[in-house]
Amino acid sequence: MGGSPEAGKRPEIDFDTTRLIYIHMGARPTGGYGLDLAGERADVVDGTLIIPVEWESPAPGAIVSQMVTHPCLLLAAPRALYSHIEVVDQKGKVRLSTKLK
């Protein structure tokens, strides 16, 4: 069971200054689906936090595992000058758009 002693530690999060953002694809019927960050960082444009992601689906006819998967990302972002969040895939399609309360 290798790994560093730090690997199992939970990060400390100050919720007064940090927001957690959970991005998911929902239940998928097979393997071959995935989410990953695209690029080094998200940007704020006109009050909107834009998070670029790689939104992957298996190719038609691909050999994939037959199991239900739940691809997701959990991100930490500073509470800053944005009141809206958009998740945009590698083709420019907006996958999530939400106004913050």
Side-chain angles (χ1 to χ4, degrees):
M1 304 260 186
S4 72
E6 299 295 312
K9 291 180 92 174
R10 282 189 236 166
E12 290 189 28
I13 297 174
D14 179 356
F15 288 101
D16 290 329
T17 61
T18 304
R19 172 187 320 273
L20 292 182
I21 301 168
Y22 177 64
I23 302 168
H24 65 93
M25 297 175 85
R28 299 296 169 178
T30 67
Y33 293 90
L35 275 174
D36 202 359
L37 289 176
E40 294 290 316
R41 55 180 252 185
D43 289 312
V44 176
V45 177
D46 295 328
T48 299
L49 177 65
I50 300 174
I51 303 171
V53 297
E54 294 287 331
W55 190 280
E56 300 298 330
S57 299
I63 297 173
V64 294
S65 60
Q66 296 296 303
M67 64 180 180
V68 176
T69 61
H70 298 266
C72 63
L73 291 172
L74 182 61
L75 309 173
R79 291 184 181 269
L81 301 175
Y82 57 90
S83 59
H84 191 255
I85 297 175
E86 284 189 354
V87 175
V88 181
D89 72 13
Q90 66 273 23
K91 295 179 181 176
K93 182 177 180 179
V94 175
R95 296 292 185 151
L96 166 79
S97 180
T98 188
K99 186 164 179 64
L100 301 173
K101 295 179 182 179

Peer 1: If hydrophobic clusters are built from ILVMFWY residues whose side chains come within less than 4.5 Å, do Leu20 and Ile51 share one?
Peer 2: no
Peer 1: Take atom CG in Asp46; do more than 12 heavy atoms of anything else shown fall under 6.0 Å from it?
Peer 2: no
Peer 1: When rounded to the nearest 0.5 angstrom, what is the spacing between OG in Ser57 and CZ in Arg28?
Peer 2: 6.5 Å
Peer 1: With a 3.5 Å distance limit and no angle check, can you tell me whether Thr69 reaches the backbone of Thr30 through a side-chain donor-acceptor pair?
Peer 2: yes
Peer 1: Does the side chain of Tyr82 reach to within under 4.5 Å of the side chain of Leu100, using non-hydrogen atoms?
Peer 2: yes
Peer 1: Do Leu81 and Val44 come close enough that some side-chain heavy atom pair is under 4.5 Å?
Peer 2: no
Peer 1: A side-chain contact here means heavy atoms from C-beta on lying under 4.5 Å apart; do Ile85 and Ile21 qualify?
Peer 2: yes
Peer 1: Tell me, do Glu86 and Arg95 make a side-chain contact under 4.5 Å, heavy atoms counted?
Peer 2: no
Peer 1: Tabulate below the donor-acceptor pairs under 3.5 Å that side-chain atoms of residues 71-79 make, not counting sequence neighbours, or state none.
Peer 2:
from  : atom 1 : to    : atom 2 : distance (Å)
Arg79 : NE     : Phe15 : O      : 2.9
Arg79 : NE     : Thr18 : O      : 3.4

Peer 1: Is it true that Met25 and Val87 fall in one hydrophobic cluster, defined by side-chain heavy atoms closer than 4.5 Å?
Peer 2: yes
Peer 1: Drop me the distance from Lys93's NZ to Trp55's CH2, to the nearest 0.5 angstrom.
Peer 2: 8.5 Å
Peer 1: Is any side-chain heavy atom of Tyr33 less than 4.5 Å from a side-chain heavy atom of Glu56?
Peer 2: no
Peer 1: Is any side-chain heavy atom of Val64 closer than 4.5 Å to a side-chain heavy atom of Gln66?
Peer 2: yes
Peer 1: Minimum heavy-atom separation for Ala38 to Glu54, with atom names?
Peer 2: CB-OE2, 3.7 Å
Peer 1: Using the rule that two of Ile, Leu, Val, Met, Phe, Trp, Tyr join whenever any of their side-chain heavy atoms come within less than 4.5 Å, decide whether Leu37 and Leu96 are in one cluster.
Peer 2: yes
Peer 1: Flag the pair Pro52 / Val88 as yes when at least one side-chain heavy-atom distance between them is below 4.5 Å, and no otherwise.
Peer 2: no
Peer 1: Between His84 and Thr98, do the side chains contain an N or O donor and an N or O acceptor separated by less than 3.5 Å?
Peer 2: no
Peer 1: Output the distance between atom NE2 (His24) and atom NE2 (His70), rounded to the nearest 0.5 Å.
Peer 2: 10.5 Å
